[in-house]
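Single-structure report; data block below.
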Amino acid sequence: MVRPGAACLKADQEFDLGIVAMAAGVTVHNEDVAAAFDEMGDLLAIQGQNPFRIRAYRRAAQVVRGLPRELAEMAGTEAYDALPGIGVDLAGKIGELIRTGNLRALLNLRRQVPGGLRELLDLPGLGPARVRALRQELGIKSCDDLRRALTAGRLQRVRGFGAVLQKRLRTALTERATRASPERLPLSAAAQYAEPLKAFLAGVAGVVRVEIAGSYRRGRETVGDLDVLISARRGSSPFEALKSYRDLRALTSQGTTKASGVLRNRLQVDFRVVQPESFGAALQYFTGSRDHNIRMRRRAQERGFKLSEYGLFRDSARVAGRTEEEVFAALGLPWIEPELREDRGEIEAAERHALPHLIKRSDLQGDLHVHTDASDGLEPLDKMMQAARRSGLRYFAVTDHAKYLGIVHGLDAERLARQIDAIDALNAAQNEIVVLKGAEVDILKDGSLALEDSVLARLDVVVIAIHSHFDLSEAMQTRRILRALERPFVSILAHPSARLIGERIGCAFDFEQVLAAAHARRCALEINSQPMRLDLDDVHIKAARDRGVLLSIASDAHSGAQFDFLDGGVRQARRGWAARQDVINTRPVRELRTLLRAARLN
DNA sequence: GCCGTTTTCGGCCCGACTGTTTTCAGTCG
């Protein structure tokens with residue numbers, strides 16, 4: 001199942017979610033379980049419960065979100081219990097949710113804690129303790145209550161709520177009402193601000209080194225903020241220099257080693273200045289992820305060390321910190337690539353010296369999904385060929401859309417035949433790059449393809465994809481894809497989930513079954529590099545790789561400049577643990593042709 | 001609530017900054 005965000009349980013409503021879920025007859029998805037656990041964590045926090053118990057719920061939510069398979073398809077509580085961070089109790093709660101669509105513990109908590117209190121937690125400056133104080137002292141149960149109390153000046157009575165905090169809350173409530181709060185940016189969009197910022201800081205007097213850490217460095221598909229790490233000589237003042245930086249809208253807080261600000265695009269930035277002897281430790285720390293860090297610190301502790309952003313210490317003596325490698329080595333681990341640091345098994349793999357050699361952009365020799373102006377691309381074949389060559393590719397496949405209802409300019413059999421002749425002529429006229437003959441063929445609603453097998457037989461590469469009927473039931477969508485995969489000339493399943501980041505959640509289908517079918521017929525799954533697609537996502541790439549299904553990193557370029565998107569596709573592949581040998585377009589063209597022929601079923 | 005080559009109880013990552021205090025709790029990452 002690919003669907004990432006299907007909220008079937010109305011987790012923020014006050015009625016019995018079991019009745020709702022069961023009445024609608026819907027499946028309980030992983031995201032529903034994760035949302036229920038997140039809510040448990042929030043409500044327990046507001047109650048002031050044991051922080052470690054709260055963390056257990058949040059950690060469990062995280063683990064569930066990272067699963068490539070649906071919990072509902074797993075063997076039950078015993079299998080749940082085997083998941084990291086999930087013990088007997090939480091396994092039972094997962095089971096209850098899956099079986100009944102219901103969680104009694106959550107319903108009980110909701111009776112004790114008004115739902116509106118949860119939204120208060122999202123306001124900056126409000127954590128569980130202050131939310132609790134607001135409720136106890138003033139009976140505040142929602143953002144609306146808080147707004148009224150602020151207006152009436154009632155907050156002055158509550159200890160801990162001074163003038164500054166009140167002003168902050170007023171601003172936050174206004175922003176919330178006008179929906180001006182920033183959301184996560186696609187990685188590529190964040191890069192447009194992050195890289196110039198980095199270059200600016202690197203040019204400030206006294207600055208020795210600048211790195212952007214956090215989810216940006218881990219290559220997550222979206223970025224919520226930027227963590228900028230600066231190593232500077234004593235006496236230099238990078239924060240002062242920042243005040244003249246055009247893209248910085250405001251510095252919202254500033255200490256001696258730490259500052260925060262907001263960029264013009266509303267992206268939050270946190271700056272930290274560290275000494276060179278701590279830079280590696282700080283880079284490790286601020287790269288995260290949180291779960292990865294917790295594991296690392298625990299590991300340090302078990303070995304009698306203390307790990308912080310300042311270094312690895314035994315008592316008060318620093319034993320490592322200048323470089324990341326040094327810190328990992330002192331903890332008995334090889335350096336771990338940032339993209340892997342999600343606590344998805346990378347520490348265990350590092351211990352066994354079984355980390356993958358992650359793929360690099362320079363490993364790519366070709367691109368197997370490219371459009372020209374024959375369909376919806378912007379540039380003609382020869383221009384695309386020149387751009388592909390400039391991008392260092394040795395081959396690429398022209399995969400214009402096949403004609404079907406809805407896609408303008410799609411090629412019918414006759415135009416495709418003419419394009420095939422043109423490509424043959426182009427290959428005959430030059431030998432700098434090989435142009436492969438292909439098409440992007442729609443998977444129709446019933447799983448049949450938009451072009452006849454007799455036409456597809458002439459092609460080197462047949463890319464199939466879903467561009468319509470995204471909302472079919474999981475069973476129907478699965479049948480649709482499996483049926484398409486039975487067609488004899490299929491090479492690659494493109495952007496398998498059909499999601500658009502921030503716009504459209506992926507189609508629901510049984511990913512395990514699709515993997516099995518793809519594996520059986522040696523069809524590759526695409527990692528589409530378009531910034532809004534990045535489809536497959538990291539979790540499913542890893543699942544495909546673990547299953548031995550080959551991948552194709554493709555630009556889906558619609559113009560020559562878009563071959564640059566391949567960088568993002570490689571990034572995504574790395575997050576899914578992909579190595580060079582997992583990706584078909586790292587192969588020389590001759591070897592690639594062998595692989596493509598092997599996928600044919602005739 | 002989880003977890004275990006210091007184990008079935010007693011730990012659980014760690015520090016900066018802010019605002020509100022007169023020494024620190026709460027929040028945040």
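Labels below follow one simple rule: chain letters A, B, ... track the order of the sequence lines, proteins then strands, and each chain is numbered from 1.
OP1 or OP2 of B/dC17 lies within a sub-4.0 Å distance of a side-chain N or O belonging to A/Thr257. For B/dC13, neither phosphate oxygen OP1 nor OP2 lies less than 4.0 angstrom from any side-chain nitrogen or oxygen of A/Arg297. Look at A/Gln301 and you'll find a side-chain N or O under 4.0 angstrom from OP1 or OP2 of B/dC12. Between A/Lys306 and B/dG15 there is a side-chain polar atom (N or O) within less than 4.0 angstrom of OP1 or OP2.
In this structure, A/Arg130 reaches the sugar-phosphate backbone alone: every heavy-atom distance under 4.0 Å involves primed, P, OP1 or OP2 atoms, never a base. If you check every strand for non-hydrogen atoms under 4.0 Å, A/Ala300 touches nothing. Nucleic acid contact for A/Ser260: none, since no nucleic acid atom lies under 4.0 Å from a heavy atom of the residue. A/Lys93 comes within 4.0 angstrom of sugar-phosphate atoms only, judged by non-hydrogen atoms across all strands, and of no base. Within 4.0 Å of A/Leu123, counting heavy atoms only, lie sugar-phosphate atoms of the nucleic acid but no base atom. As judged by a 4.0 angstrom heavy-atom cut-off over every strand, A/Asp225 is placed among residues making no nucleic acid contact. Within the nucleic acid shown, A/Pro124 comes within 4.0 Å of sugar-phosphate atoms alone, with no base atom in reach, counting heavy atoms only. Nucleic acid contact for A/Asn293: none, since no nucleic acid atom lies under 4.0 Å from a heavy atom of the residue. Contacts of A/Arg298 with the nucleic acid, taken as non-hydrogen atoms under 4.0 Å apart, involve only primed sugar atoms and P, OP1 or OP2. Residue contacts for A/Ile86: at a heavy-atom cut-off of 4.0 Å it reaches the sugar-phosphate backbone alone, with no base atom in range.
Distance from the side chain of A/Arg55 is smallest for B/dC12 among the nucleotides B/dC12, B/dT18, B/dG29. Comparing B/dG29, B/dG1, B/dT27 against the side chain of A/Asp270 picks out B/dG29 as the nearest. Nearest nucleotide to the A/Arg272 side chain, out of B/dA16, B/dG29, B/dC12: B/dA16.
Using bins of under 30°, 30° to 60° and over 60° for the plane-to-plane angle, the ring pair A/Phe511/A/His540 lands in the perpendicular bin.
In summary, A/Glu348 and A/Arg295 engage in a salt bridge, as defined by a charged side-chain N under 4.0 Å from a carboxylate O. Between A/Glu309 and A/Lys258 there is no salt bridge, since none of the side-chain N atoms of the basic residue sits less than 4.0 Å from a carboxylate O of the acidic one. A/Arg159 has no carboxylate O lying under 4.0 Å from a charged side-chain N of A/Glu137, or vice versa, which leaves the two without a salt bridge.
As a whole-Å value, the separation of A/Leu251 CG from B/dC17 C1' is 14 Å. Across the protein-nucleic acid pair, A/Asp81 atom CG and B/dC2 atom P stand 8 Å apart, rounded to whole Å. A/Phe37 has its CZ atom 13 Å from the C1' atom of B/dC2, to the nearest Å. Rounded to whole Å, the distance from CG on A/Leu169 to P on B/dT27 is 11 Å. One interatomic measurement links the two molecules: CD of A/Gln136 to P of B/dG26, which rounds to 12 Å at whole-angstrom precision. Whole-Å rounding puts the A/Ile46 CD1 to B/dT27 C1' distance at 15 Å. We find that CZ of A/Arg168 is positioned 11 Å from P of B/dT27, with the value rounded to whole Å. Here B/dT27 presents its P atom at 10 Å from CG of A/Leu134, a figure rounded to the nearest Å.
Of the P atoms belonging to B/dT22 and B/dA16, the separation is 23 Å, rounded to the nearest Å. Only the P atoms considered, B/dT20 is 14 Å distant from B/dG26, to the nearest whole Å. When the P atom is used for both B/dT21 and B/dG11, the distance is 34 Å, rounded to whole Å. Comparing the C1' positions of B/dT8 and B/dG1 gives an interatomic distance of 14 Å, to the nearest angstrom. Taking atom P in both B/dT6 and B/dC12, the straight-line distance is 16 Å, to the nearest Å.
Taking a 6.0 Å sphere around CZ of A/Arg249, one finds it holds more than 12 heavy atoms contributed by other residues, nucleotides or ligands.
Mapped onto DNA chain B by nearest heavy atom, A/Ile294 and A/Phe161 fall at different nucleotides, with A/Ile294 at the one closer to the 5' end. If you find the closest nucleotide of DNA chain B to A/Val164 and to A/Leu126, the one lying nearer the 5' end belongs to A/Val164.
Annotation: cation-pi pair A/Arg318/A/Phe313 absent, no NZ/CZ under 6.0 Å from the ring centroid and within 45° of its normal.
Pairing of B/dT8, defined by two Watson-Crick or G-U wobble distances under 3.5 Å, is not identified with any nucleotide.
Atom CD of A/Glu337 and atom CG of A/Leu358 lie 4.5 Å apart (nearest 0.5 Å).
Between the side chains of A/Arg220 and A/Ser215, not a single donor N or O lies within less than 3.5 Å of an accepting N or O.
Remark: the A/Tyr285 side chain and the B/dG29 base include a donor-acceptor N/O pair separated by less than 3.5 Å.
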